[in-house]
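Note sheet for the following structure.
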Amino acid sequence: MKNSYPFELLPLPYPSDSLEPQIDKQTMEIHHGKHVQTYVDNLNKALENHPNYHSWSLEKLLYNLKSLPEELQAPVRNNGGGVFNHNLYFSILTKGGKPLGDGPLKKAIEKDYSMDELKAALKQAGLTQFGSGWAWLLADKDGKLTVAKTPNQDTKIEENLTPVLNIDVWEHAYYLLRQNRRPEYIDNFFNVVNWEAAEANYAKHKETDYSKL
């Protein structure tokens, strides 16, 4: 899929009802087809009259955010970040979830956590993110894992960390089914995590260097 201007909405990698009952079909259709499509459209609109950046990847734009023209910085942070964050989020979910194998990610988790402790740390990050934002599992160049949170559509790209998985804690990710029950949403999120996809993301940590894009 093309990763430069004009950006496109990535299709869901599964039918919109696949994650039920944990995440309902209507939420998936609105979340992906309306919210993320708007981020894509607004990102393209912001870049339209800036041809110098039409060949830049989404990651390059976000890593170099502070060097962009001032009028581009907020639109790229908000809309480019929205596209990047959602692309990861939808890619690490699957019907019924997929368990973590005995690979490098499991070994990395066991250095600092048990799986239950990791889930608890991610849940705590998601619950303590005031307002809209994200909880993250990230890896540095040495493969060490970090749990973090970010507000709005901010990313951790500028820190050159590899995103392994993320949890969307914007209300539009859960409000139709869960109303204000964010803890319940996060608990159910773990039932549809594709840990095989998270393992594949973790495998990129040695090569991740957004500064070279």
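Just so you know, these numbers use all the heavy atoms, side chains as well, and skip hydrogens, waters and symmetry mates.
Using a distance-only test at 3.5 Å, with no hydrogens or angles considered, a donor-acceptor pair links the side chain of N160 to the main chain of Y210. Looking at E59, its side chain never comes within 3.5 Å of a backbone N or O of I157 through a donor-acceptor pair. Side-chain atoms of N194 come within 3.5 Å of backbone atoms of A197 as a donor-acceptor pair (strictly under, hydrogens ignored). Of the possible polar contacts, one joining the R182 side chain to the V169 backbone as a donor-acceptor pair under 3.5 Å is found. Of the possible donor and acceptor atoms, none in the side chain of N79 sits under 3.5 Å from a partner among the backbone N and O of L43. Checking side-chain atoms of D17 against main-chain N and O of K25 turns up no donor-acceptor pair under 3.5 Å. Between the N166 side chain and the N85 main chain, a donor and an acceptor come within less than 3.5 Å of each other. Not one N or O on the side chain of T94 forms a donor-acceptor pair closer than 3.5 Å with the backbone of G97. In this structure a side-chain-to-backbone donor-acceptor pair under 3.5 Å is present from E199 to L105. With hydrogens and angles ignored, the 3.5 Å screen pairs no side-chain donor or acceptor of S18 with any backbone N or O of Y14.
Summarising the geometry of L213 relative to S57, their closest heavy-atom pair is CD1-OG, 4.0 Å, with the distance given to 0.1 Å. Taking every heavy atom of both residues into account, A198 and L165 meet most closely at CB-CD2, 4.2 Å. Between L68 and Q73 the shortest heavy-atom distance is O-NE2, 2.9 Å. Of all heavy-atom pairs spanning A108 and G143, the tightest one is CB-O, 3.9 Å. Nearest heavy-atom pair, L88 versus P163, reported as atom, atom and distance to 0.1 Å: CD2-CB, 3.6 Å.
Between Y39 and W170, the ring planes lie perpendicular to each other; the angle is over 60°, past the 30° to 60° tilted range. Between W56 and Y53, the ring-plane angle classifies as perpendicular under the 30° and 60° cut-offs.
Taking the side chain as every heavy atom from C-beta outward, N188 and V192 never approach each other to under 4.5 Å. Side chains of Y174 and R181 form no contact here, defined as non-hydrogen atoms less than 4.5 Å apart. Side-chain atoms of H32 and F90, non-hydrogen and from C-beta on, do get closer than 4.5 Å to each other. The shortest side-chain heavy-atom distance between L177 and I23 does not fall under the 4.5 Å cut-off. Side-chain contact check for H172 versus I30: every heavy-atom pair is 4.5 Å or farther apart. Taking 4.5 Å as the limit, some side-chain heavy atom of L122 sits within range of a side-chain heavy atom of F190. Looking only at side-chain heavy atoms (C-beta outward), V147 and W136 stay at 4.5 Å or farther from each other. Considering only heavy atoms from C-beta on, Q22 stays 4.5 Å or farther from L93 through its side chain.
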*asked:* For H50 and E71: C-alpha separation, side-chain torsions, deciding distance, then whether side chain to side chain contact (heavy atoms under 4.5 Å, CB included) applies.
replied: CA-CA 10 Å; H50 294 273; E71 66 268 23; 3.2 Å; yes

*asked:* Please determine whether side chain to side chain contact (heavy atoms under 4.5 Å, CB included) holds for the pair L58 and V83, giving the CA-CA distance in whole Å, both sets of side-chain angles, and the decisive distance to 0.1 Å.
replied: CA-CA 8 Å; L58 187 55; V83 175; 3.7 Å; yes

*Verify side chain to side chain contact (heavy atoms under 4.5 Å, CB included) between W134 and D154, making sure each step is shown before the conclusion.*
CA-CA 8 Å; W134 298 80; D154 289 4; over 6 Å; no

*Let me see the working for F84 and L61 under side chain to side chain contact (heavy atoms under 4.5 Å, CB included), right down to the final yes or no.*
CA-CA 11 Å; F84 178 85; L61 287 165; over 6 Å; no

*asked:* If you apply the rule salt bridge (charged side-chain N to carboxylate O under 4.0 Å, His left out), what do you find for D112 with K144, and how did you get there?
replied: CA-CA 9 Å; D112 297 303; K144 181 175 175 56; 3.2 Å; yes

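Here E8 contributes atom CD and N44 contributes atom CG; the two are 8.5 Å apart, rounded to the nearest 0.5 Å. To the nearest 0.5 Å, the span separating CG on N87 from CD1 on I92 amounts to 12.0 Å. Atom CD in E207 sits 10.5 Å away from atom NZ in K204 (nearest 0.5 Å). Atom NZ of residue K123 and atom CG of residue D116 lie 11.5 Å apart, to the nearest 0.5 angstrom. Here the CD-CG distance, from Q37 to D41, works out to 4.5 Å after rounding to the nearest 0.5 Å. The CD atom of Q124 sits 9.5 Å away from atom CD1 of I186, with the distance rounded to the nearest 0.5 Å.
Within 6.0 Å of atom CD in E117, more than 12 heavy atoms from other residues, nucleotides or ligands are found, so the atom counts as buried in its surroundings. For K141, the NZ atom counts as densely surrounded, since its 6.0 Å shell holds more than 12 non-hydrogen atoms of other residues, nucleotides or ligands.
Shown here are the salt bridge (charged side-chain N to carboxylate O under 4.0 Å, His left out) partners of K98, two or more places apart in sequence or in another chain: E196. Scanning for side chain to side chain donor-acceptor pair (under 3.5 Å) contacts around E159 gives K156, with sequence neighbours left out.
Both L137 and L127 are part of a single hydrophobic cluster, where members link through side-chain heavy atoms under 4.5 Å apart.
Aromatic ring centroids of H31 and Y89 lie under 6.0 Å apart. Ring centers of H35 and H86: at least 6.0 Å apart, outside the cut-off. Here the two rings, on Y202 and H205, have centers that are under 6.0 Å apart.
Of the N and O atoms on the side chains of D209 and S211, at least one donor lies less than 3.5 Å from an acceptor on the other residue.
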